[in-house]
Peer 1: 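Structure in structure tokens, see below.
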Amino acid sequence: MAAVSPSSSPRLPSPPPIAEDQTSPGLSLFEGNFLSHTRNGDSGASRRIRPGTKADDMAEGPPLVDLQEIDSAFQLTEHLKALHYHHTHPPPDSSASTHTVPITPEIALELAHPPPGTAKEIWLYELARHLIQKTNGIIIALFTDDPPCSPLTCFEMRASEWQYLCAVHDPPKSCAAIDYCCHTLDWAASTLCNSKLFPSRLNLGTGGTQGDKMLN
């Protein structure tokens with residue numbers, strides 16, 4: 001039986017929910033005026049998960065539609081998830097429909113560019129959040145490996161002859177590989193949830209926050 005992976009140092013406290021201010025006057029997700037676009041009918045009705053839907057039938061992201069058609073407070077979040085799912089999961093009638101397709105450098109470059117009319121800073125923020133969520137899946141896989149990645153199997157973070165010190169500690173110190181990964185992801189999530197750096201996602205792109213400077 002595989003032993004439970006011990007931890008040489010505890011994970012950081014879970015970060016608070018991301019600060020949102022969806023009603024602040026004068027703030028916009030976009031440089032243009034997409035939020036004032038008039039939408040006819042409930043275009044999101046066909047994109048909802050209905051009661052009784054099996055987990056296997058649920059797509060990770062909503063169907064890919066034009067950004068302006070997404071009637072949601074988290075338009076860019078949903079649009080990015082749909083873009084990623086569209087590129088990594090072939091259509092059902094494809095011969096590779098049961099496999100996840102890797103992101104190519106060309107697609108990654110395409111995803112890095114914000115949609116038309118979208119401020120670069122808010123798109124980079126969404127990309128950072130999405131990357132952290134996806135990277136957490138790798139951590140889960142390391143814990144479920146046999147034997148699981150632990151300080152006993154990987155006692156330090158090393159790539160070839162280079163050893164990496166965990167900068168979460170003050171001063172930086174050597175950590176087991178799994179702890180290094182967890183600490184780094186926790187730090188990144190906590191940074192994005194820092195209300196002093198990012199008081200509101202709606203305010204990104206105006207140049208008035210510390211978060212704008214970090215994203216530039």
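In what follows, every heavy atom counts, from backbone to side chain, and hydrogens, waters and symmetry copies are set aside. Quantities reported herein were computed from a predicted structural model and do not represent experimental measurements.
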Peer 1: Which residues satisfy the salt bridge (charged side-chain N to carboxylate O under 4.0 Å, His left out) test with Glu110, sequence neighbours excluded?
Peer 2: none
Peer 1: Could you pull out the closest heavy-atom pair between Val101 and His87, with the gap in Å?
Peer 2: CB-O, 3.9 Å
Peer 1: Where do Pro114 and Ala119 come nearest, in terms of heavy atoms and distance?
Peer 2: CB-O, 4.4 Å
Peer 1: Can you tell if the side chain of Thr100 reaches within under 4.5 Å of the side chain of His89, non-hydrogen atoms only?
Peer 2: yes
Peer 1: For Cys166, what residues pass the side-chain contact (heavy atoms from CB on, under 4.5 Å) criterion, not counting sequence neighbours?
Peer 2: Val168, His169, Cys175, Tyr180, His183
Peer 1: What residues join Leu109 in its hydrophobic cluster, counting side-chain heavy atom gaps under 4.5 Å, either direct or through other members?
Peer 2: none
Peer 1: Nearest 0.5 Å, what's the SG-CD1 distance between Cys181 and Ile138?
Peer 2: 8.5 Å
Peer 1: Do Tyr164 and Phe155 land in one hydrophobic cluster if side-chain heavy atoms of ILVMFWY residues count as linked below 4.5 Å?
Peer 2: no
Peer 1: Quick one: name the residues clustered hydrophobically with Leu165, using the 4.5 Å side-chain heavy-atom rule over I, L, V, M, F, W, Y, and just say none if it's on its own.
Peer 2: none
Peer 1: Under 4.0 Å between a Lys/Arg side-chain N and an Asp/Glu carboxylate O for Glu126 and Arg129?
Peer 2: yes
Peer 1: When rounded to the nearest 0.5 angstrom, what is the spacing between CG in Asp145 and CD1 in Ile140?
Peer 2: 13.5 Å
Peer 1: With sequence neighbours excluded, tell me which residues meet side chain to side chain donor-acceptor pair (under 3.5 Å) with Thr144.
Peer 2: none
Peer 1: Just to verify, what does Asp66 make a side-chain contact (heavy atoms from CB on, under 4.5 Å) with, not counting sequence neighbours?
Peer 2: Gln68, Glu69
Peer 1: Restricting to non-hydrogen atoms, name the atom on Ile178 and the atom on Ser150 that form the minimum distance, rounded to 0.1 Å.
Peer 2: CG2-CA, 4.1 Å
Peer 1: What about Ile132 and Leu197, same hydrophobic cluster or not, with Ile/Leu/Val/Met/Phe/Trp/Tyr joined at side-chain heavy-atom distances under 4.5 Å?
Peer 2: yes
Peer 1: Do Met157 and Trp187 land in one hydrophobic cluster if side-chain heavy atoms of ILVMFWY residues count as linked below 4.5 Å?
Peer 2: no
Peer 1: Apply side chain to side chain donor-acceptor pair (under 3.5 Å) to Glu156 and list each qualifying residue two or more places apart in sequence or on a separate chain.
Peer 2: Arg158, Gln163
Peer 1: To the nearest 0.5 Å, what is the distance between CG (Leu76) and CG (Leu127)?
Peer 2: 9.5 Å
Peer 1: Using side-chain contact (heavy atoms from CB on, under 4.5 Å) as the criterion, list what pairs up with Leu131, not counting sequence neighbours.
Peer 2: Thr135
Peer 1: To the closest 0.5 Å, what do you measure between CH2 (Trp123) and CG (Leu111)?
Peer 2: 7.0 Å
Peer 1: Under the side-chain contact (heavy atoms from CB on, under 4.5 Å) rule, collect the residues that match up with Ser160, sequence neighbours excluded.
Peer 2: none
